[in-house]
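Small disclaimer: the values here were computed from a predicted structure and weren't measured. Numbers for residues simply follow the sequence, beginning at 1.
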Amino acid sequence: MTPEPEGPAPAAPGEATRRLADLLELLAGSGTEAGVQKALTAAQAALDRADPGGDPALLRASVTGLRLGLAHRQRREGELHQLLRTAQRLLDTAAPDHLLSVIVQATADLVRGDVAHLNLDDEQGGFETIRASTGARTEAFRRQHTPPGAGLTGLVMRTRSTYVTADYLHDTALEHDPSGDAAIAADRLVTMAAAPMLHGDTAIGVLIVSWRTRTDVTEDQLDLLTSLASLAGVAVSNARLHAQTRRAREELELANEHLEWSAMAHDRLHALLLPGADVRAVADTVHELLHAPTAVLDPEGAMLAGAPDPWPVTVPREALHQAAEHGRITRFRTQDNDDPDVLWVSPAYAGHELLGVVVVGKPVLNAAEQRTVERAATTGALLLSSQQALAQAEFQSATDAIADLTRGAHVAAATQRLRTMGTDLSAPHCILVTGPLPDERRRARTLAQRHAQDHHGRSGDVDGRLVSLLPTEDPDIAARQLADRLAAAGLLVSVGAAGPFTGPHALHEHYREALTCATAQHQLAGGGAATARTLGFLGLLLSGTSRPEITRYVQDTLAPLQRHDARHGTDLLPTLASYLDRNGSLRRTAEHLHIHPNTVLQRLKRAERLLGIDLHAPGTAAELHLALRVSTLLATSNEPRQGQAPTETPTRERRPGSTGDTPPGRHPPP
């Protein structure tokens, strides 16, 4: 039995040479890659079976090197193919976050590193944190902060060239940062290679690949890293340009929307200049356009119109002054309790005269909205100027009519003029007269006129004083409201009031009374409200009151007691006179009237209720005592002289059993 040969059969003579010739022919370009690979395998096998005596070692080494080179070329071709695919993915990716993820993942796959990450500049020359990473194990590394110029990133950004460090933590060529070193140590990274991401000659970032064991980085790996960094630089620059273009387009679209909205708002505000509109329409329109509460205020901050109505907005006086001085819309922050509000205030000027302000309550207004508020202020100024001209004409007409009525001249014609303006004197009215006006006469006149309009009345200027006719029956409240309004505007003006009266013929007498009260209040306090009731007799004397007015004041003061005594047969007035004549002594008054002290006390309490006074209040008893004395003097002066017919005076029958010798309204001098 023939034994089987061990190993491959020897090659036939010349087989190895023939196989090498076939291989060389294929390598010359006439064969495919698969054919070259097959020929290479066959040549290697033939050389392995060749006769060792032929010394094929040199040929065998050449073929082995050729096989390794071919394998390397195939691997490089595969890497380049994958690099091209990565480039295609980068160019097809517009989202920045996704783009960065593609870059680091491709770097880790192609360069075969444990960790890949990149840092991008913030377009201001600095870095904050790692923008993208893959393979990292710790959150500390993923969120590490890179100060400008520090670490591997800082070195590559400065040199704009590739750098490899075999042991990062012990590399003295790097500017180490404690936080960065701690993050790298936490992730156990040792060898690191970095390449700059360039946009032209500018480094916009750094692409880094790392290994957790000491590694010899090959030239092929560095070439791949450099190529990937270049692709990443182009892709990131393209993404940034795309983002800038998108932002510019969005800004352009937004600007166009603002332009269209501004044109619409301008048309809405321009339409308000047609006849029939007022500042209330301005507030309503701005409220609808901005979806924010809006108000139109006068220069002193008083509300002229609001939307929604009412909007209880209060603008500090310093804010009004600052906006007026600035001349443009101004933003203010106010503090109401613990809730801060933001107000936008735009002054409404007509020429150099400030007629009011437009106020909007909204945290933020863009440029188009701010211009709209300023246009609204201009529209409001035009409307206010027109209303002011109309109000001036009405004020002059009312002035002429009121002046005639206060002088008792052309009463019928003056009454008719007031009736055409909506003031009917057949209804109860009160008349208000101011004292001497301050230097800011125009402001006082505007406020008085506006106050009269708000209360459905009329105001005019008579002999340098403002005179108002208001349809009310309470002169005290009417005077106080006007005085308070003037004081709120910083004007100290006295206001006298009288009434109510019905019909034009009673106006003259009440005008004199209101004028007297205003004059007395001005002399006493310089400003504030005054009526005959609130001033008392002392104020009338200080104002130089005539005898008829003093007589009327005394009669009005004592009338409640006189009427009560006449209707009920009581002796309240004589009891009060006796009590005041005796310095408030109950005992001496009771002895004088021959009644019990408790009876005196009961009569005095009833008198206080009827007069609405407190005899123990400072000055009350003295003023009432003075009125009683003047009443006695007036009654004495009315007694008939010798040869003169007696003046009839009303008398009342004494109630049987009543005590006291003093008739009502009279008491003997002390």
Side-chain angles (χ1 to χ4, degrees), residues 96 122-124 128 240 243-273 277 279-349 354-384:
D122 57 3
E123 301 186 76
Q124 302 296 329
E128 294 183 357
R240 285 180 172 178
Q244 292 173 359
T245 304
R246 184 180 66 254
R247 287 196 299 268
R249 184 178 65 252
E250 292 174 350
E251 291 174 358
L252 184 61
E253 292 174 352
L254 182 61
N256 186 56
E257 291 178 1
H258 288 169
L259 185 62
E260 293 179 354
W261 182 88
S262 296
M264 178 271 296
H266 177 76
D267 292 341
R268 291 275 305 271
L269 292 171
H270 189 266
L272 298 181
L273 297 178
V279 291
R280 291 180 178 83
V282 174
D284 291 337
T285 301
V286 176
H287 174 59
E288 294 173 6
L289 289 172
L290 301 182
H291 306 288
T294 305
V296 181
L297 310 180
D298 68 6
E300 303 302 326
M303 179 75 70
L304 299 179
D309 187 18
W311 178 33
V313 61
T314 300
V315 181
R317 188 175 296 274
E318 58 271 17
L320 294 174
H321 291 168
Q322 185 175 343
E325 292 177 0
H326 185 52
R328 300 289 301 274
I329 187 170
T330 308
R331 185 177 186 267
F332 296 97
R333 179 177 290 275
T334 63
Q335 189 74 25
D336 184 11
N337 296 328
D338 294 328
D339 184 19
D341 294 324
V342 175
L343 299 178
W344 298 83
V345 182
S346 183
Y349 275 100
L354 180 65
L355 300 182
V357 294
V358 175
V359 182
V360 176
K362 194 173 185 179
V364 178
L365 291 181
N366 59 42
E369 292 172 333
Q370 292 181 38
R371 288 193 297 271
T372 297
V373 176
E374 290 181 340
R375 291 194 186 103
T378 301
T379 302
L382 294 174
L383 291 174
L384 288 172

J.: Which atoms form the tightest heavy-atom contact between A376 and L269, and what is the distance?
T.: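 Shortest heavy-atom separation between A376 and L269 comes out as N-CD1, 3.6 Å.
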J.: Find the distance between CG (L383) and CG (L272) and round it off to the nearest 0.5 Å.
T.: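 Here the interatomic distance stands at 6.5 Å.
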J.: Step by step, would you call V286 with T372 a side chain to side chain contact (heavy atoms under 4.5 Å, CB included)?
T.: CA-CA 8 Å; V286 176; T372 297; 5.6 Å; no
J.: Salt bridge (charged side-chain N to carboxylate O under 4.0 Å, His left out) with R331: which residues, sequence neighbours excluded?
T.: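 If we apply the salt bridge (charged side-chain N to carboxylate O under 4.0 Å, His left out) test to R331, skipping adjacent residues, there are no hits.
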J.: Working to the nearest 0.5 angstrom, can you tell me the gap between W344 CH2 and E369 CD?
T.: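 Here the rounded value is 9.0 Å.
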J.: At their closest point, which heavy atom of T330 faces which heavy atom of H326, and how far apart are they?
T.: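 Heavy-atom minimum between the residues: OG1-CD2, 3.4 Å.
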J.: Side-chain donor-acceptor pairs under 3.5 Å in residues 316-325, sequence neighbours left out?
T.:
from: R317; atom 1: NH1; to: E300; atom 2: OE1; distance (Å): 2.7
from: R317; atom 1: NH2; to: A488; atom 2: O; distance (Å): 3.2

J.: Please round to the nearest 0.5 Å and tell me the distance separating atom OG of S262 and atom CG of N366.
T.: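 The CG atom of N366 is 7.5 Å from OG of S262, to the nearest 0.5 Å.
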J.: For P293, check side-chain contact (heavy atoms from CB on, under 4.5 Å) against everything at least two apart and list the hits.
T.: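 If we apply the side-chain contact (heavy atoms from CB on, under 4.5 Å) test to P293, skipping adjacent residues, the hits are P308, W311.
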J.: Identify all side-chain donor-acceptor contacts of residues 253-260 below 3.5 Å with residues at least two apart in sequence or on another chain.
T.:
from: N256; atom 1: ND2; to: E260; atom 2: OE2; distance (Å): 3.3

J.: Quick one, I329 with L365, criterion side chain to side chain contact (heavy atoms under 4.5 Å, CB included). Give me CA distance, side-chain angles, the key distance, then yes/no.
T.: CA-CA 11 Å; I329 187 170; L365 291 181; 4.3 Å; yes
J.: Do any pairs count as a salt bridge (charged side-chain N to carboxylate O under 4.0 Å, His left out) and have a residue in residues 286-299, sequence neighbours left out, and if so which ones?
T.: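 Salt bridge (charged side-chain N to carboxylate O under 4.0 Å, His left out) check on residues 286-299 returns R268-E288, D298-R450.
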J.: If the condition is side-chain hydrogen bond (donor to acceptor under 3.5 Å, both in side chains), which residues does E374 pass it with, not counting sequence neighbours?
T.: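 Only R328 meet the side-chain hydrogen bond (donor to acceptor under 3.5 Å, both in side chains) criterion with E374.
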J.: If you compare all heavy atoms of S346 against all heavy atoms of A377, which two are closest, and at what distance to 0.1 Å?
T.: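 So the two residues come closest at OG-CB, 3.5 Å.
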J.: For residues 357-364, run the donor-acceptor check on the side chains, cut-off 3.5 Å, and write out each pair with its distance to 0.1 Å, sequence neighbours left out.
T.:
from: K362; atom 1: NZ; to: L290; atom 2: O; distance (Å): 3.0

J.: Hey, could you give me the CG/CG distance between L384 and L304, rounded to the nearest 0.5 Å?
T.: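 Spacing of CG (L384) from CG (L304) equals 6.5 Å.
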J.: Quick one: side-chain contact (heavy atoms from CB on, under 4.5 Å) partners of A381, sequence neighbours excluded?
T.: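 By the side-chain contact (heavy atoms from CB on, under 4.5 Å) rule, A381 matches A348.
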J.: What is the distance from atom CE of M303 to atom OG1 of T314, rounded to the nearest 0.5 Å?
T.: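 OG1 of T314 is found 8.0 Å from CE of M303.
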J.: Kindly compute the distance separating CG (L289) from CE (M264), expressed to the nearest 0.5 Å.
T.: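 The CE atom of M264 is 5.5 Å from CG of L289, to the nearest 0.5 Å.
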